[in-house]
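FYI, side chains are in, hydrogens and waters are out, and symmetry mates aren't considered; it's all heavy atoms of this structure. Counting convention: from 1, in listed order, for ligands and their atoms alike.
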Amino acid sequence: MLDIQAIREDFPILSHQVYGKPLVYLDNGATTQKPRCVVQKIENGYYNVNANIHRGVHFLSQEATEAHEEARKAVQHFLNARSSNEIVFTRGTTESINLVASSFTDECMSAGDEVIVSVMEHHSNIVPWQIQAAKKGISLRVIPMNEKGELRLDEYKKLFTEKTRLVAVTHVSNVLGTVNPVKEIIAIAHEQGVPVLIDGAQSTPHLKVDVQDLDAEFYVFSGHKIYGPTGIGVLYGKEEWLDRLPPYQGGGEMIASVTFEKTVFNELPFKFEAGTPDYIGSTALAEALHYVEHIGMERIAAYEQELLQYATERLNAINGMRIFGQAAEKGAVISFLVGNIHHYDMGMLLDHLGIAVRTGHHCAQPLMQALGIEGCVRASLSFYNTKEEIEVLAAGIERVKKMF
Ligand code: PLP
């Protein structure tokens with residue numbers, strides 16, 4: 001059992017009021033709130049350990065460098081990567097995918113080649129490939145889903161051709177909550193000799209992830225969705241793949257030597273970290289990872305499943321409720337529409353009751369198209385949410401219904 005009240009005290013923002021009502025924060029899929037320890041780490045970093053890293057011989061610079069490299073090890077441990085050389089710090093999931101899309105396409109793809117994605121991808125795992133497609137003449141093939149919002153693995157297997165170069169799929173859908181069977185998806189790709197990138201933006205905050213067990217070539221996530229700061233994220237890549245790919249950006253840090261005639265790139269992981277990295281953000285991210293690991297990812301997952309079940313039952317009892325995403329394996333996300341109430345109206349009126357939900361297409365317009373809707377309302381849960389808050393949401397939805 002988790003002591004939710006004690007956990008909530010770690011997050012000062014959760015006791016705020018909006019419009020004179022207690023805040024009910026159910027927009028965790030977009031970003032999570034930050035525990036005190038993470039904010040303190042940032043403050044301590046700037047007050048006491050701040051100096052540019054990897055360059056200075058002086059005390060502070062060495063201390064800051066050590067803290068940044070310790071943070072890398074914390075991420076390695078969190079993902080169970082083989083080596084800290086396999087952990088590249090980026091600005092987030094979006095930048096990590098753009099990095100792979102750019103470097104992988106440069107190295108491994110030519111006109112006519114194909115990338116397999118799924119119908120439930122976030123735009124950040126569609127558009128970077130389309131940008132490369134326009135430059136290089138590659139194309140996307142799309143795994144469809146069934147009516148419950150589960151990927152059709154039978155159809156997936158049929159998408160492979162001799163031109164397939166990469167599979168890029170989300171671990172957990174940010175709209176449907178579907179937890180995709182990525183281990184199986186990866187194994188199927190490997191049978192065809194095709195590497196796989198997994199978008200872990202919505203999985204890492206909720207599930208225990210083991211990249212060695214999954215055997216993914218690339219796995220990416222964002223710090224701010226896992227209780228860490230904004231502007232920092234991670235690209236995990238198998239060492240042999242990161243070694244093989246060319247750099248994404250040029251600049252300081254990523255070189256071993258530079259002359260006007262020739263530049264030799266730095267070793268991993270620095271080859272992919274051009275310029276001054278967010279060394280304060282990396283240590284704060286490590287703090288966030290320690291925080292969730294201390295609670296325990298398995299306990300987080302179990303409690304969030306209990307909340308999801310409660311919320312699903314409670315919301316399904318509302319007349320006119322349509323929930324999108326009924327996968328057997330589902331994370332703590334409920335996307336819905338009620339009757340013909342527009343999602344913006346629902347979101348705005350819930351907001352006035354103190355309830356923060358997300359409305360719109362959730363950066364997944366192709367998925368909206370597949371569902372035949374323009375947008376929906378999304379309540380995305382965290383381990384700091386409570387059944388009482390679910391009650392407030394259900395009562396709020398009933399109240400909005402009465403207004404229409
Ligand atoms: N992928 C998924 C599944 C997401 O839900 C998100 C954000 O909502 C992203 C990628 C992009 O993450 P970021 O904006 O942190 O780069």
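Residues satisfying the side-chain hydrogen bond (donor to acceptor under 3.5 Å, both in side chains) test with Asn125, not counting sequence neighbours, are Glu121, Trp129. Residues meeting the side chain to side chain contact (heavy atoms under 4.5 Å, CB included) test with Lys158, sequence neighbours left out: Glu155.
With ring centers used as reference points, Tyr384 lies 6.0 Å or more from Tyr303.
Of the protein's non-hydrogen atoms, His122 CD2, 3.3 Å is the one closest to atom 4 (C) of ligand 1. Scanning the protein for heavy atoms near atom 1 (N) of ligand 1, the closest one is Asp199 OD2, 2.5 Å.
Checking only distances, Glu95 never comes within under 3.5 Å of ligand 1, N or O to N or O.
Taking a cut-off of under 4.0 Å to the non-hydrogen atoms of Thr170, the atoms of ligand 1 that pass are 3 (C). In the vicinity of Ser124, heavy-atom distances shorter than 4.0 Å reach the ligand 1 atoms 1 (N), 9 (C), 10 (C), 11 (C). Near Asn174, the atoms of ligand 1 lying under 4.0 angstrom from a non-hydrogen atom of the residue are 5 (O). Atoms of ligand 1 lying under 4.0 Å from any heavy atom of Gln202, numbered from 1 in the order shown and given with element: 3 (C), 4 (C), 5 (O), 8 (O). Shown in contact with Ser222 at under 4.0 Å from a heavy atom are these atoms of ligand 1, numbered in order with element: 12 (O), 13 (P), 15 (O), 16 (O).
Checked by atom type, the side-chain pair Thr276/Glu253 shows no donor-acceptor distance below 3.5 Å. Side-chain atoms of His190 and Glu217 form a donor-acceptor pair, as typed in the model, at a separation below 3.5 Å. Between Tyr219 and His171, the side chains place a donor N or O and an acceptor N or O closer than 3.5 Å (distance only, hydrogens not considered).
Heavy-atom neighbours of His54 NE2 from other residues, nucleotides or ligands within 6.0 Å: above the threshold of 12.
Put simply, part of Lys225 is less than 4.0 Å from ligand 1, judged by heavy atoms. Using 4.0 Å as the threshold, Arg91 has no heavy atom nearer than that to any atom of ligand 1.
Closest to atom 14 (O) of ligand 1 by heavy atom, among Thr94, Thr93, Ile97, is Thr94.
In this structure a side-chain-to-backbone donor-acceptor pair under 3.5 Å is missing from Arg36 to Phe11.
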